[in-house]
Amino acid sequence: MEYEVVIGLEVHVQLNTESKIFCSCSTRFESPPNTNICPVCCGYPGVLPVLNRKALELAVRVCLALNCRINKRIYFERKNYFYPDLPKNYQISQYKLPLGEGGYLNLPSGKSIRIKRIHLEEDAGKLIHQDTYSLIDFNRTGIPLLEIVTEPDINSPEEAFEYLNWLKLTIQYIDASTCDMEKGYLRCDVNISVREKGENTLGTKVELKNMNSFKGVRDALEYEAYRQIDCLKKSIPITQETRLWDDGKKKTFVMRRKEEAHDYRYFPEPDLVDFVIGEELIAKEREFIGELPLGKRERFIHNYSLTLKEVDILISQPKLADFFESAVNILNEPKHIANWLLGPFLECINSLKEGEEIKITPNNFAKIVKYFLDNKLNNLSAKRVLSLALLTDKDVDKIIQEEGLIQVSGEEELSIFVEGVIKDNPKAVGDFSQGKQEAIMFLVGQVMKKTKGKANPKVVREILERRLLK
Ligand code: ADP
Ligand code: ZN
Ligand code: MG
């Protein structure tokens, strides 16, 4: 028997706003506990929420980027439940009429995942459990969230992983959220069922919670698909339930069964008026959306002869992709620019200390690559110039001059060093004449050392060969 895995994802992202969704409290992550709070987000009696315009704009932007139909009439509903991190005892959310519906996200694999709905809501507070008591931080209460729900179109843990990566990148491209999972700016619940291949009706779904990385989601889904298929094989009924992923044990555990499911008693939020989103707002957000990651990926593949892996790394950070293209505009050597960016440049960036800011311009970067291609800087010196140029906007020519790094390629000048090295290393010279090819690399190395790394190794090798093979 063959089985099919069916997955639907519910992703929450925190929108990139300065203030909360219904009050003017700050959304700063670093603030001490319970300092970004007010009567509105703490649900005092008699207060009135006011919708944050920026949150709505960003939400509309995401809906457009994910090809959703926008419901222009906006209203909110109360989702009632009692929980310590929810001071009002209800969450303001959208239910019957979400902001966006009927969208899709295309993946590089060619598959299109349909987006069922996107709605705006407020976040709850954060519980910090200690040994015998719990602490509550209300700073997060009322932070704007967007919930993005897919149709059950995903058919493997790997595909869920791909969807999450592209969703995240798409949202980052349009500046709607940083999607920083470590800070909880992107959270994901997954629903999974299995069925026999060819079966039309969906199997009983299980909801998984508590994954804190995309890898965790993939692992949890793999475990759960395996567990459910095993149940089907043994004719054990699968119960609709919520399970928690334990990342240490690499297993899922039952958290609650369907019977315990909440009845949220949704009803329209009376404190927020209904209103209609204007065409101007939508037009403005549509204009903001530039090239999206998939489009950029296809264009890069088409325009530059790079490997898929190179393209994927370049487009994974909009800034890096822009830097690449600016540099290519100056020096039309995409392959070399990409090599230097993805190799030495990223290496330099990874070794930066906290607080150090990258200031190098694409122009300066292209110049370094050009010096290298013109044989004016050898590989070592070019890397050195790059590390010196990274944190300044000082001109590369000046740095090279100050450091005296211009490559020595002149035969005459190099011959003097070569003669010296031949004289000082009779053993290597002897080895080479007896056919030991490696010996010449040693001799080249000696010349490099004598010239403090400035010699052109190719020319040195030529001179040595000419001299010793006579
Ligand atoms: P609920 O009302 O229980 O929240 P929804 O219909 O809103 O269920 O679906 C929630 C998520 O679960 C969606 O992403 C949807 O695609 C997914 N889903 C629904 N049914 C199934 C199923 N049988 N198997 C896998 N995923 C499912
Ligand atoms: Zn507040
Ligand atoms: Mg639901």
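Just so you know, ligand 1 is whichever comes first in the structure, and atom 1 is the first atom listed for that ligand. The basis for the numbers below is simple: all heavy atoms, side chains too, and nothing from hydrogens, waters or symmetry mates. Just so we're clear, the structure is a prediction, and the values are computed from it rather than from any experiment.
Side-chain polar atoms of Tyr83 and Gln91 form no donor-acceptor pair below 3.5 angstrom. Judged purely by distance below 3.5 Å, without hydrogens or angles, the side chains of Asn36 and Ser31 pair a donor atom with an acceptor atom. Side-chain contact of Asn329 with Ser326: a donor-acceptor pair under 3.5 Å is absent, judged by distance alone. Side-chain contact check for Asn379 and Lys383: at least one donor-acceptor pair (N or O, by modelled atom type) lies under 3.5 Å.
Residue Pro152 has at least one N or O atom closer than 3.5 Å to an N or O atom of ligand 1. Residue-to-ligand polar distances keep Gln240 apart from ligand 1: every N/O pair is separated by 3.5 Å or more. Considering backbone and side-chain N/O of Leu202, none are found under 3.5 Å from N/O of ligand 1.
Residue-level proximity to ligand 1 for Lys116 is carried by the side chain, the only part with a heavy atom below 4.0 angstrom. Under 4.0 Å from ligand 1, heavy atoms of Asn191 appear from its side chain as well as its backbone. Under 4.0 Å from ligand 1, the heavy atoms of Leu9 that appear belong solely to its backbone.
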In residues 61-74, what donor-acceptor pairs under 3.5 Å come from side-chain atoms, sequence neighbours left out?
{"from": "Arg61", "atom 1": "NE", "to": "Glu285", "atom 2": "OE1", "distance (Å)": "2.6"}
{"from": "Arg61", "atom 1": "NH1", "to": "Ile174", "atom 2": "O", "distance (Å)": "2.7"}
{"from": "Arg61", "atom 1": "NH2", "to": "Glu285", "atom 2": "OE1", "distance (Å)": "3.1"}
{"from": "Asn67", "atom 1": "ND2", "to": "Tyr104", "atom 2": "O", "distance (Å)": "2.8"}
{"from": "Asn71", "atom 1": "ND2", "to": "Pro98", "atom 2": "O", "distance (Å)": "2.6"}
{"from": "Asn71", "atom 1": "ND2", "to": "Glu101", "atom 2": "OE1", "distance (Å)": "3.0"}
{"from": "Lys72", "atom 1": "NZ", "to": "Glu279", "atom 2": "OE2", "distance (Å)": "3.2"}
{"from": "Arg73", "atom 1": "NE", "to": "Asp274", "atom 2": "OD2", "distance (Å)": "3.2"}
{"from": "Arg73", "atom 1": "NH2", "to": "Asp274", "atom 2": "OD2", "distance (Å)": "2.7"}

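Side-chain contact check for Leu56 versus Leu281: some heavy-atom pair is nearer than 4.5 Å. Residues Glu333 and Trp340 fail the side-chain proximity criterion, which asks for heavy atoms closer than 4.5 Å. Leu51 has its side chain within reach of Phe76: a pair of non-hydrogen atoms, C-beta onward, lies under 4.5 Å apart.
The Zn ion (ligand 2) is the vertex of the angle joining SG of Cys23 and SG of Cys38, which measures 110° to the nearest 10°.
Of all atoms in ligand 1, listed by their number and element, those nearer than 4.0 Å to a heavy atom of Gly203 are 23 (N). For ligand 1 and Thr150, the ligand atoms under 4.0 Å from any heavy atom of the residue are 13 (C), 14 (O), 15 (C), 16 (O). Near Glu151, meaning under 4.0 Å from one of its heavy atoms, ligand 1 places the atoms 16 (O). Those atoms of ligand 1 with a heavy atom of Val149 less than 4.0 angstrom away are 13 (C), 14 (O).
Between Tyr264 and Tyr95, the distance from one ring center to the other does not fall under 6.0 angstrom.
Counting backbone and side-chain atoms alike, Cys42 contributes no N/O/S atom closer than 2.8 Å to the Zn ion (ligand 2).
Looking at Lys205, Arg195, Glu10, it is Lys205 that brings a heavy atom closest to atom 21 (C) of ligand 1.
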